[in-house]
Each structure stands twice: as structure tokens, then as C-alpha cells.
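Numbers for residues simply follow the sequence, beginning at 1. Both ligands and their constituent atoms are indexed starting at 1 by order of listing.
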Amino acid sequence: MAQHIVGKILAEHLREGDFITGQEIGIRIDQTLTQDATGTMAYLQFEAMGLPGIRTDLSVSYVDHNTVQVGFENADDHRYLQTIAARYGLIYSRPGNGICHQVHLERFGKPGTTLLGSDSHTPTGGGIGQIAIGAGGLDVAVAMGGGHFYLTAPRVYLVRLTGHLQPWVTAKDVVLHMLRLLATKGNVDVMLEYGGPGVATLTVPERATITNMGAEMGVTTSVFPSDAVTRAFLKAQRRERDWIELLADTGAAYDRVIEVDLSALEPLAACPHSPGNVKTVKELAGLKVDQVCIGSCTNSSLKDLRTTAAILKGRRVHPDVSLGIAPGSRQVLQMLAREGGLADLLDAGGRILESACGFCIGNHFSPKSGGISLRTSNRNFEARSGTQDAHVYLVSPEVAAVAAMTGLVTDPRESGQTHPQMVEPTEFTIDDAMFILPANGQVDIFRGPNIGEPPRNAAMPVSLKGVAAIKVGDKITTDHIMPAGARLKFRSNVPKYAQYVFENVDGSFPKRCLANKDKGIHNIIIAGESYGQGSSREHAAMCPMYLGVKVVVAKSFERIHAANLVNFGILPLLFANPADYDRIEAGAELESLDWRKALSAGAPIVLKITGQPPVECRLAISERQRQILLAGGLLNFTTIH
Ligand code: MIC
Ligand code: SF4
């Protein structure tokens, strides 16, 4: 039977279940990656499972998120991660080596393999022909130990690319166009496979920009073929041995085909406060800009930085604009420095930031109050930049660089400049000195005072007697639930980090929950559609668990967050009738006396609510997940089994 690329890779890695759309399958994971902000908890949980070492082909622990190091916490975490890597057989990528997704693409991504990462932008690896999936740290810890990764057998959409990009139109515009078509919700359990003659016109870093932002559509992953372009990229990274050809068979059947004519696209921008709020740059032309940030795992490749340098060469940054540039990796920075592009950026007045997540996660470089910030990153959720009332627009490096000079959003086609055309290098600078390979022999694990025990849940209670501790609307992101930025340094300290749950939505939530918990009252979150969009941070489940949240009742959930809720023993309950959402007010008392029994039997769960007809709910989970919930979470389940 003719197979698509997704089918080929998944068939080779299938270990449990059958590939029947909508059913749960278990796959083998070849490679894992973690970053420091999710990594410390992932490894604490790995340790708690008592596994002797890793059983993947390759596992890499990157440090790229928490590199600000105000106080001791970050540096302590880095050392913990380094000693864990040495002890258990992982490669450790030191701070300064770059952003996990960019570095992994350069040095480790391998066509035809599976990659699981504790970061939602792990699908960047799809640019090199991997099935690369983002997940919570606990799922990654299990996969590192040789356990399978469970996912729903996806619907597969073919995105057929034809034509070629016109001057000043970029890979970012391709993916922003995709966001216009598919939006940021309603794509759970879909994988996107890119194909068609337009694929050959895109370089690997361009493909990676496109697969990276598939995360914003909520698809499980996106994948490109592995072809001559992929081979040339791997050869230039001195890794041609990692190349295999991977193409879809002629006649492979897809659940949907989306046609995109690259020649017809134009420069686009995602407007505040959602990556799905896409307009043409032309429509926004003339908007005054305060800040421009170039970098992040979406657009920080050598090509992106070379293009930025070429646009800014011999010109000056507008006096009202602050321009920050974060090259995606040490390799990019080294090459840019040697070629002279770095000097061009400095001459123009650019501020060179560390090769790390930095501005993207609101860790530093926050815009001024009410500021307009143009960024090449992938998320523009409210307050994510670190400034509550800032307005963030997501654009290509080209649009960003031109705006940095003019001080206004400008359609680059009208800038009077020629679009610099960059050719991929035939040889990248290879210097792996910032990777530390696993040590032989006994290694002592370093644990600073900020590193706590991973919290455990109790088994599922017999009955639920709770209160709607908060009611939120549609498209609540994990940035709303568990802010990062200045709070990021508490990732290894759950009791402390839990004080900030819903900080920017309702600051009194944690105290209220803890008071209920002390009185034996369960906490309940009521939510609208697409609850838990965005990042993979399992703290958005782990910290509510710590606060005594037992269930989230929502109209719909995003994939990674729903899995994280189950992993921490919180029920992701769906309204059987979404209109019931309107009937439950914050503070309402809800109960189910046969809670545990109904869950064990797979019976519908009915919540009683005082003075009203009951609320019927359903659970879209597998049998395996049912057992995890009954055990009170995956850590309990794994150590029991
Ligand atoms: C993000 O972009 O939101 C992050 C920070 O990279 C997260 C991971 C985290 O919260 O640590 C993600 O995308 O998964
Ligand atoms: Fe880092 Fe931003 Fe990419 Fe997340 S989206 S991994 S914070 S660069």
C-alpha cells in the first residue's frame, strides 16, 4: 500500500496498538531532548522512577531557557543537569551553546527517526524529516528509560507546496499563512506532512521555521521529506552518514489536502495577542515600532542572521527603536562573527543577546509600557514578553530588520532595497566543544537548595466534593496558567512556583486553593475551548495538582496539556453539552459521590450542582490513562508497575 512519510516512520516505530486514526498507539522513541526549564523536573522524576540509565539512541540535555542567572537558582540547576547527564549517559549542551531546537537540527536531527522533547517546539526537527513531538517532562523521562510514548494515531494532512517564494516573502510567511488557514485550535491529533514541487525550493532551516510553528496550530507535529536538500545540509554539517531518503509514495492517501502556492504569498504578521491573528504587513504599514527582536527557535538560523546583517549593513537602527539580536546557536554566532555579519549588526546599532531563549520567554528584554515589539519568535500571548500591556507582532527577520531602520512597520517590498538572497553554506563551522559527553564511573549529583522533590499526588479520591475555584474563557494558554519570565527560576521548586498559578489572570487563586485544600475541599477549574494551548510546561498541571486541583472541566483541551493533566492525576473532563459552561459560576459547589467508581467503570461522570440540573461530562482518554488517573498520576503508576 502506498504510504505517506508519517505512516512510514510511525510504522517502523509502532510497538503497541494499530494505526487506526483516533486510537492510542505506543511508539519507540529514538532520541530525546530536554531544556533546563522543563529538564530539572523531568530528571527529578526520572530519578524517582529508579531507572539505571537511558535506553534511547541519543538523549541531550540542553540549557537555553534560564540563562539569566540572577541569584543562585539557575546556576545550581545547570550544575544539577550537568551531573545528571554525566551519571545517566546523556549529552549535556552547556549554556551558550544555543537554543535546543536550532542546535539539535544542526548536530543531531536524523531523518526517519523519532524525537521526543520536553518543549512544545520540538517539531522543529520535522524540517529534517524526523517525527519530532513535544511532550511533558514526565513522558520524556519515561521515554528516556525505554518506555513507549503514547499518542493518538493522527489524521494526516498533506500540505502541497507549489511555486516558489517571491522576493521578501519567507518561510515565516508560509507558516503564518498556514495559521490563517488552520487557526490555533481544532487541530488536535493532526499531523501535517509537507510535499509537492515547492518543497525542493526550501532549505532545511526554512523548513524548520515552518515545522516549528506547527505548534501554534496545535498539531501533533509537522514533517518534511528528506531529499537532496536535506542531504546537502547534513553533508555541510559533516553528518551525511545520517541521511536517508524519505519521500511519500505516489498515491498515498491523506485525510485532507491543503494547496499552498508559494508564489502567491506575501509578507504577513501575527498581531496581538495570538499567533493566529494574522494580517498582511501591508495592512499594518506605518505602525510605530519601539522594539525589534530577532532570534528564537523559529528564526535564528545562519540564513536568518546573514539576511538580517545584509539588510542592516551600512545602515543605522532608528533612534526610537531598540534592536535585540539573539543568534540561535554558537555555530551561527561563530560563523557570523568570522564572516563579518556580526560587525555589520554592531555597526548598525544592534544589541547582541545571548544565544538562548531570552526575550522569547520574557526572561529579559521586555518592551516598554504599552510598547510595540516586532519579533521573529512564535508566540505573542498577552504578557509573555514580560510587559503586561505590550503589543507583540510576529514577523519574518526581513520585516523585522527593515522596521528596525525605519521605526515603522514597513512592507519590505517597498523599502527600496533588494532582498538579499542567501545560499546555504557547503560547510558549517563544526565545533562541538560546548557539548559534554557522559562520564565513565561514579558521578555525584549536585543538588542546590532550589532543587526539591518532585511532588506526588494521592490516589484518586472516592468522591469529589469541590468548588469551582476559577472560571476562565477560551484559548487559555499555559502562559496564563503558569507564567514563565521572571518566575522561571522557580521551576525546580514546586511549592514556590505554585504561588504564581494564574498570576496574570487572578492572583488570589493559589491562596484560595490552598485554603480549600486545608479544609478537604477539592479545587475545580472551569474552562472554555482549547484549554492549555502553547507550551509543554508540565508545571501548568503539576502546580495546580500541588494546590489541590482534581479536575478541569472544559469545552476542549489541547493535546500536550491534556496529557500532562492525566500524568499528574487531574481529570481533563469535557462538558457533554458545552452550553453547560454558562451554568457554572466561579464559586459554585460541585460534587460526584461515585467519582472513583464512575471513572473505574468508564461510566459518564455527572457533577451535581446545588439548585440546578446536574452537569453531564465525558472523558476522552485511553484505558491506560484511566489507570494512571486512578493511581493519582504517571509517577505513581510507573513506580507501581
Ligand atoms: C515556550 O516557548 O513557551 C517554552 C518556554 O519553550 C515552553 C517550555 C517551558 O515552559 O519550559 C514550551 O514551548 O514548551
Ligand atoms: Fe525558547 Fe522561545 Fe523556542 Fe520556547 S519558543 S524554545 S522559549 S526560543
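- For atom 10 (O) of ligand 1, the nearest non-hydrogen atom of the protein is Arg537 NE, 2.7 Å.
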Decide side-chain hydrogen bond (donor to acceptor under 3.5 Å, both in side chains) for Thr209 and Glu206; before the verdict, give the C-alpha distance in whole Å, the side-chain angles of both, and the deciding distance to 0.1 Å. CA-CA 5 Å; Thr209 294; Glu206 288 176 309; over 6 Å; no

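- If you check which protein heavy atom lies closest to atom 1 (Fe) of ligand 2, you get Cys357 SG, 2.3 Å.
- Only side-chain heavy atoms of Ile361 come within less than 4.0 Å of ligand 1; its backbone N, CA, C and O stay farther off.
- Put simply, the side chain of Val219 does not reach to within 4.5 Å of the side chain of Met191, judged on heavy atoms.
- Remark: Arg447 CZ is packed, more than 12 non-hydrogen atoms of other residues, nucleotides or ligands lying under 6.0 Å away.
- Classified by interplanar angle (parallel below 30°, tilted 30° to 60°, perpendicular above 60°), the ring pair Tyr88/Phe46 is perpendicular.
- Atom 3 (Fe) of ligand 2 has no N, O or S atom of Cys360 closer than 2.8 Å.
- At a heavy-atom cutoff of 4.0 Å, ligand 2 is contacted by the side chain of His101 but not by its backbone.
- Using cut-offs of 30° and 60° on the angle between ring planes, the pair Phe502 and Phe509 is perpendicular.
- Of all protein heavy atoms, the one lying nearest to atom 7 (C) of ligand 1 is Ser535 CB, 3.3 Å.
- Looking from atom 13 (O) of ligand 1 to the surrounding protein, the closest heavy atom is Ser120 OG, 2.5 Å.
- Looking at atom 4 (Fe) of ligand 2, its nearest protein heavy atom turns out to be His65 NE2, 3.9 Å.
- Annotation: Arg79, atom CZ; neighbour count of heavy atoms from other residues, nucleotides and ligands within 6.0 Å does not exceed 12.
- The shortest N or O to N or O distance between Asp479 and ligand 1 is not below 3.5 Å.
- At the shortest separation from atom 3 (Fe) of ligand 2 among protein heavy atoms lies Cys297 SG, 2.3 Å.
- The protein non-hydrogen atom at the shortest distance from atom 11 (O) of ligand 1 is Arg491 NH1, 2.8 Å.
- Judged by distance alone, the side chains of Gln130 and Thr113 do bring a donor and an acceptor atom under 3.5 Å apart.
- With a 4.0 Å heavy-atom cut-off, ligand 2 is reached by no atom of Thr298.
- Between atom 2 (O) of ligand 1 and the options His101, His539, Gln35, Arg384, the minimum heavy-atom separation is to Arg384.
- Checking Asn97 against Ser93 by side-chain atom types alone, a donor-acceptor pair falls below 3.5 Å.
- When heavy-atom distances to ligand 2 are checked against a 4.0 Å cut-off, Asp64 has no atom that comes that close, whether in backbone or side chain.
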